[in-house]
Amino acid sequence: MKSSSARRGPRPPEGLDHVFGVHALESLLERGEAPKVLWTQQGAGKRLQAVVSRAKALGASVQEQPREALDQLTQGASHQGVVAFCQPLTPESEASLMLKLRAWQADTPPLFLVLDGVTDVHNFGACLRSADAAGAHGVIVAKDKAAPLNATVRKVACGAAESVPVYQVTNLARTLAALKDAGVWITGTAGEARASVYDIDFTGPVALIMGAEAKGMRRLTREACDYLAKLPMAGQVSSLNVSVATGICLFEALRQRRLASHAPLL
C-alpha cells in the first residue's frame, strides 16, 4: 500500500511560483530569467530538448516527473510537459508609480490600463497581454477585488506578466486623483456612456479604466473619470468580455498615437 505522501506525488519547491507551458518558459528565458527548478514530463525529452537545454545553461535544475504530478500541480491545465519554478512576481506600489511619472522619460505620453474589480485570472492575463501588445506603460489594480499574479495569469499573459509593470494600490480612487494631479486624463468605459471610444483623445497622458464584467466600474472609480466612453455595438449582444474590450480600446489608443507621431500603423 502506498503512503499518503506517495499518493500526493512530488512536492514542489517552497517559496517559488510555478509557470507552465513551453511559451511561458521561453518568455522567461528570453529575458534571461532562468527558473530555479524545471519539471519535465517523463517521455517528453526530444520535444522539449531545445528549451530544456537553454534552461540548464542558465542554471536550472531539471527533474523528470510523471505526467500525473504535472497534471496535479497545474490542476489539469495544458502544461505541455513542462513546469518552471521561479521567483514570485511582486506588484509595484503606488509610490513607485508616482516616482515613475515624476521622472517620465519615455518618448510617448503615459498610457496606463486600470482594472477595477477584474477578479478572473484568465481575463487578467489576457488584459496584460493586450497591454503589452498595445504598448501600455503599466497596469493598475487595487489590492482588494483583483485577480492575483499567479501561474494561470502568467500562462495566459504569455510573458506580458513579466514585461508590463503591475501597480497594486490600496485605494484606487486616491490613486486616480494622484494621476489627475500629475496631468493624466482618466477615461472610464461604461455601456451607458454617450461618447464612443473612437471619440476620445488618447494621444496625451491617459489612464483607461475597465470595470468588472456585469458590475462595471465601482461608484468612486466612476466619479474619478474625466470622460466616459463605450464601444459601439452593431449586433445583438450588449457587451463584450472585459479582456476583448480592453484590447479594442488599447489598440485604438495605439492607432491614435501612431497617427499623431506620423509613425506607420503596421
Side-chain angles (χ1 to χ4, degrees), residues 12 16-31 33-41 44 47-48 51 55 67 69-92 111-168 189 208-216 231 239-251 253-254:
L16 298 176
D17 276 356
H18 66 276
V19 297
F20 49 90
V22 173
H23 191 86
L25 175 57
E26 288 176 339
S27 296
L28 283 175
L29 298 176
E30 285 170 5
R31 289 187 301 278
E33 299 178 25
K36 303 294 183 182
V37 178
L38 199 66
W39 282 8
T40 60
Q41 181 179 317
R47 178 165 54 88
L48 300 174
V51 70
R67 177 174 179 173
L70 276 66
D71 288 344
Q72 182 178 5
L73 182 64
T74 61
Q75 298 181 337
S78 177
H79 50 70
Q80 299 175 298
V82 61
V83 176
F85 297 91
C86 50
Q87 293 296 333
L89 287 179
T90 303
E92 298 188 43
L111 173 61
F112 294 108
L113 172 65
V114 182
L115 300 178
D116 183 26
V118 175
T119 58
D120 182 88
V121 290
H122 294 88
N123 283 336
F124 187 23
C127 287
L128 286 172
R129 190 172 181 178
S130 292
D132 176 82
H137 298 102
V139 177
I140 302 170
V141 299
K143 285 186 177 179
D144 65 321
K145 298 182 179 179
L149 271 173
N150 64 12
T152 302
V153 171
R154 297 175 77 165
K155 165 75 172 176
V156 174
C158 294
E162 291 80 15
S163 62
V164 178
V166 175
Y167 299 96
Q168 189 180 72
T189 52
L208 171 70
I209 305 177
M210 307 299 298
E213 291 187 38
K215 295 182 179 180
L231 282 172
S239 63
L240 295 174
N241 174 279
V242 64
S243 64
V244 175
T246 295
I248 294 171
C249 293
L250 287 175
F251 272 88
L254 176 61

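All values derive from a computational prediction rather than experimental measurement.
To the nearest 0.5 Å, atoms CG (Leu28) and CD (Gln87) are separated by 11.5 Å. The line from CG of Leu111 to CG of Leu254 is 8.5 Å long, rounded to the nearest 0.5 Å. Atom NE2 of His79 and atom CZ of Arg67 lie 5.5 Å apart (nearest 0.5 Å). Here the OG-CG distance, from Ser78 to Leu70, works out to 11.0 Å after rounding to the nearest 0.5 Å. Distance check, rounded to the nearest 0.5 Å: CG of Leu38 to CG of Leu25 gives 5.5 Å. The line from CG of Leu113 to CD1 of Ile140 is 8.5 Å long, rounded to the nearest 0.5 Å.
Looking only at side-chain heavy atoms (C-beta outward), Thr152 and Gln75 stay at 4.5 Å or farther from each other. When side chains are defined from C-beta on, Cys249 counts as touching Leu231, because their heavy atoms get closer than 4.5 Å. Annotation: side chain of Glu30 is not in contact with side chain of Glu162 (no heavy-atom distance under 4.5 Å). Two residues are said to be in side-chain contact when any heavy atoms from C-beta on lie closer than 4.5 Å; Val166 and Leu89 fail this criterion. Side-chain contact between Val156 and Val121: absent, with no pair of heavy atoms (C-beta onward) separated by less than 4.5 Å. Put simply, the side chain of Val139 does not reach to within 4.5 Å of the side chain of Cys127, judged on heavy atoms.
For His18, there are no side chain to side chain donor-acceptor pair (under 3.5 Å) partners two or more places apart in sequence or in a different chain. Taking the side chain to side chain donor-acceptor pair (under 3.5 Å) definition, one finds that Asp132 meets it with Ser163, sequence neighbours left out. With sequence neighbours excluded, no residue satisfies side chain to side chain donor-acceptor pair (under 3.5 Å) with Ser239. With sequence neighbours left out, the side chain to side chain donor-acceptor pair (under 3.5 Å) criterion links Thr74 to no other residue.
Judged as a salt bridge (charged side-chain N to carboxylate O under 4.0 Å, His left out), the pairs with a partner in residues 113-124 (not counting sequence neighbours) are, in order, Asp116-Arg218. Every pair passing ring-ring contact (aromatic ring centres under 6.0 Å, His included) that includes a residue from residues 111-137 is listed here, sequence neighbours excluded: Trp104-His137.
Annotation: Trp39 is not in aromatic contact with Phe20 [ring centroid separation under 6.0 Å not met].
Of all the heavy atoms in Gly211 and Val242, the pair that sits closest is O-CG2, 3.5 Å. Taking both residues in full, the closest heavy atoms of Ala34 and Leu29 are given as CA-CD2, 4.4 Å, listed atom of the first, atom of the second, then distance. Heavy-atom minimum distance, Ala146 versus Thr119: N-CG2, 3.9 Å. The minimum heavy-atom distance between Val118 and Met210, with the atom names listed, is CG2-O, 4.3 Å. When all heavy atoms are compared, the tightest approach of Ser243 to Ser130 is O-OG, 4.3 Å. The shortest non-hydrogen separation linking Arg129 to Cys158 is NH1-SG, 3.3 Å.
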Going through the checks in order, is the side-chain contact (heavy atoms from CB on, under 4.5 Å) test met by Leu149 and Leu128?
CA-CA 10 Å; Leu149 271 173; Leu128 286 172; 4.1 Å; yes

